[in-house]
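The next block holds one structure in the form of structure tokens; read it before the comments.
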Amino acid sequence: MSYEAKRLIEIRQGVLSKNDQLAAELRSRFHAAGTFVVNLLSSPGAGKTSLLEATMRALLTEYRVAALVGDLATDNDARRLARSGGLVRQIQTGDMCHLEADIVARHLEGWDLNEIDLLFIENVGNLVCPSGYDLGEAARVVLLSTTEGEDKPLKYPSTFATADAVLLTKMDLAEPVGFDRTAAEENIRAVNPQAPIIATSARRADGLDEWIGWLRDRMRNRTRFAGDER
């Protein structure tokens, strides 16, 4: 292995080590405040924002909900989510293809976590980089859109393997695009045998009750955060 390759590995290991330390500090803060944190990962255009808007609208009658929204540029998604009535803040990453713990910590400044029951972190649309960065979350949820095809879990196994739940999105388009749900679920199970798979359509509100029920169950067990085991 060349010196340059070794140096790159050393730098990456250092970055991840620092991120893990900061993520552990964030997790302690979230736990102490009683804030349940969900990290949402997907490809660009998988429907994270549409699903999150519907989710926040449904939950705001019961919980104090907030969202941090990661994108390379624009505040379009934050403005959409703000229509739900929840607390929303945009994170513009420039050319960075993922969020890191220190970025999350900086964008929490000015928010009182004691006043937030549920915090969603909508990660940058990418199935590669975000999987390696712990953000102090209690649960990691990965979205797979029917328009992406069935083989994404096999192409990006590390992302799907770390999921606490997998949401199949845009199910209203499954038939027109020829999406094979059985094959998709088999591929998910090949890399993650345990995570629940929930089929959803934000447009038709399909699966929303099941998804929200899963969130409620996890929040009831907030002292047993999945993130504590990462």
> Where do Trp111 and Ala66 come nearest, in terms of heavy atoms and distance?
Replying inline: CZ3-CB, 4.0 Å
>> Go through it in stages, so that I can follow the logic: the residues are Phe120 and Thr55, the test is side chain to side chain contact (heavy atoms under 4.5 Å, CB included), and I'd like the CA-CA distance, side-chain angles, deciding distance and then a yes or no.
In response: CA-CA 10 Å; Phe120 291 102; Thr55 302; 3.8 Å; yes
> Residues in salt bridge (Lys or Arg N to Asp or Glu O under 4.0 Å) with Asp112, at least two apart?
Replying inline: none
> Who passes side-chain hydrogen bond (donor to acceptor under 3.5 Å, both in side chains) against Thr159, sequence neighbours left out?
Replying inline: none
>> Applying ring-ring contact (aromatic ring centres under 6.0 Å, His included) as the test, list every pair that has at least one member in residues 50-79; sequence neighbours left out.
In response: none
> Mind checking whether Val128 and Cys97 have side chains closer than 4.5 Å, heavy atoms only?
Replying inline: no
> Nearest heavy-atom pair of Gly125 and Pro44: which atoms, and what distance?
Replying inline: O-CG, 3.4 Å
>> Listing request: all salt bridge (charged side-chain N to carboxylate O under 4.0 Å, His left out) pairs with a residue in residues 33-51, at least two apart in sequence or in separate chains.
In response: none
>> Per the salt bridge (charged side-chain N to carboxylate O under 4.0 Å, His left out) rule, what does the pair list look like for residues 55-73, sequence neighbours excluded?
In response: Glu53-Arg57, Glu62-Arg216, Arg64-Glu115, Arg64-Asp117
>> Run the side-chain hydrogen bond (donor to acceptor under 3.5 Å, both in side chains) test against Thr147 and tell me which residues pass, sequence neighbours left out.
In response: Ser145
> Between Ala199 and Met171, which heavy-atom pair has the shortest distance, and what is it?
Replying inline: CB-CG, 3.8 Å
>> Test: salt bridge (charged side-chain N to carboxylate O under 4.0 Å, His left out). Region: residues 183-199. Which pairs qualify, not counting sequence neighbours?
In response: Arg181-Glu185
> Would you say the side chain of Asp77 lies within less than 4.5 Å of the side chain of Leu52, judging by non-hydrogen atoms?
Replying inline: no
>> Test of understanding: with ring-ring contact (aromatic ring centres under 6.0 Å, His included), list the residues that count as partners of His98, not counting sequence neighbours.
In response: Tyr133
> Counting distance only, does the side-chain N/O of Asn192 pair as donor-acceptor with the main-chain N or O of Ile188 below 3.5 Å?
Replying inline: no
> What residue pairs, at least two apart or across chains, pass salt bridge (charged side-chain N to carboxylate O under 4.0 Å, His left out) with a residue in residues 166-180?
Replying inline: Asp172-Arg203
> If we ignore angles and hydrogens, is there a donor and acceptor under 3.5 Å between the side chains of Arg80 and Ser50?
Replying inline: yes
>> Grouping I, L, V, M, F, W and Y whenever their side-chain heavy atoms are under 4.5 Å apart, do Leu22 and Ile121 come out in a common cluster?
In response: no
>> Tell me whether Ile198 shares a hydrophobic cluster with Phe36, the cluster being built from Ile, Leu, Val, Met, Phe, Trp, Tyr side chains joined at under 4.5 Å.
In response: yes
> Quick one: do Leu144 and Trp211 end up in the same hydrophobic cluster if we chain Ile, Leu, Val, Met, Phe, Trp and Tyr together by side-chain heavy atoms under 4.5 Å apart?
Replying inline: no
>> Once rounded to the nearest 0.5 Å, what's the spacing between atom CD1 of Ile91 and atom CG of Asp75?
In response: 13.0 Å
> Is the side chain of His31 donor-acceptor paired with the backbone N or O of Arg27 at a distance under 3.5 Å, no angle test?
Replying inline: no
> After noting the C-alpha distance and the side-chain angles of Arg29 and Leu113, does the key distance pass the side chain to side chain contact (heavy atoms under 4.5 Å, CB included) rule?
Replying inline: CA-CA 8 Å; Arg29 287 178 58 194; Leu113 291 176; 3.8 Å; yes
>> Taking side-chain hydrogen bond (donor to acceptor under 3.5 Å, both in side chains) as the definition, give me every residue that meets it alongside Asp217, ordered by chain and number, with sequence neighbours left out.
In response: Arg220
> Roughly how far, to the nearest 0.5 Å, is the CE atom of Met96 from the CG atom of Asn126?
Replying inline: 12.0 Å
> Given the rule that I, L, V, M, F, W and Y join up when any side-chain heavy atoms are under 4.5 Å apart, are Ile116 and Leu26 in one cluster?
Replying inline: yes
>> So Val37 and Leu135, do their side chains get closer than 4.5 Å, heavy atoms only?
In response: no
>> Is there a side chain to side chain contact (heavy atoms under 4.5 Å, CB included) between Leu127 and Glu148? Walk through the geometry before answering.
In response: CA-CA 12 Å; Leu127 284 177; Glu148 298 176 75; 4.2 Å; yes
> Arg218 and Asp164: side chain to side chain contact (heavy atoms under 4.5 Å, CB included), yes or no, with the steps?
Replying inline: CA-CA 10 Å; Arg218 293 301 295 261; Asp164 295 297; 3.9 Å; yes
>> I'd like to know if the side chain of Gln90 and the backbone of Ala78 have a donor-acceptor N/O pair within less than 3.5 Å.
In response: yes
> Can you tell me how far the CG atom of Asp20 sits from the CD atom of Glu100, to the nearest 0.5 Å?
Replying inline: 11.0 Å
> Going by heavy atoms in the side chains, are Thr146 and Leu168 under 4.5 Å from each other?
Replying inline: no
> Would one find more than 12 heavy atoms of other residues, nucleotides or ligands at under 6.0 Å from atom CG of Asp209?
Replying inline: no
>> Check for me, please, whether Val142 and Leu119 land in the same ILVMFWY cluster - side-chain distances under 4.5 Å, paths through other members count.
In response: no
>> Looking at Asp206, is its backbone amide N or carbonyl O close enough to the side chain of Ser201 to form a donor-acceptor pair, meaning the two atoms are under 3.5 Å apart?
In response: no
> So, the side chain of Asn123 versus the backbone of Leu99: is there a donor-acceptor pair under 3.5 Å, distance only?
Replying inline: yes
> Pairs in or reaching into residues 153-192: which pass ring-ring contact (aromatic ring centres under 6.0 Å, His included), with residues at least two apart or in two chains?
Replying inline: none
>> Going by salt bridge (Lys or Arg N to Asp or Glu O under 4.0 Å), name the residues that satisfy it together with Asp151, two or more places apart in sequence or in a different chain.
In response: Lys155
> Are the side chain of Thr162 and the backbone N or O of Ser158 linked by a donor-acceptor pair below 3.5 Å?
Replying inline: yes
> Can you name the closest pair of heavy atoms from Ala184 and Pro153 and give their distance?
Replying inline: O-CG, 4.5 Å
>> Looking at every non-hydrogen atom in both residues, tell me the closest pair between Asn187 and Glu150 and how far apart they are.
In response: ND2-O, 2.7 Å
> Looking only at atom types and distance, does a side-chain atom of Asn39 sit under 3.5 Å from a main-chain N or O of Asp134, one as donor and one as acceptor?
Replying inline: no
>> How close do Trp214 and Ala165 get, counting heavy atoms only, and between which atoms?
In response: CZ2-CB, 3.7 Å
> Taking atom CE of Met219 and atom CD1 of Ile212, what is their separation to the nearest 0.5 Å?
Replying inline: 11.5 Å
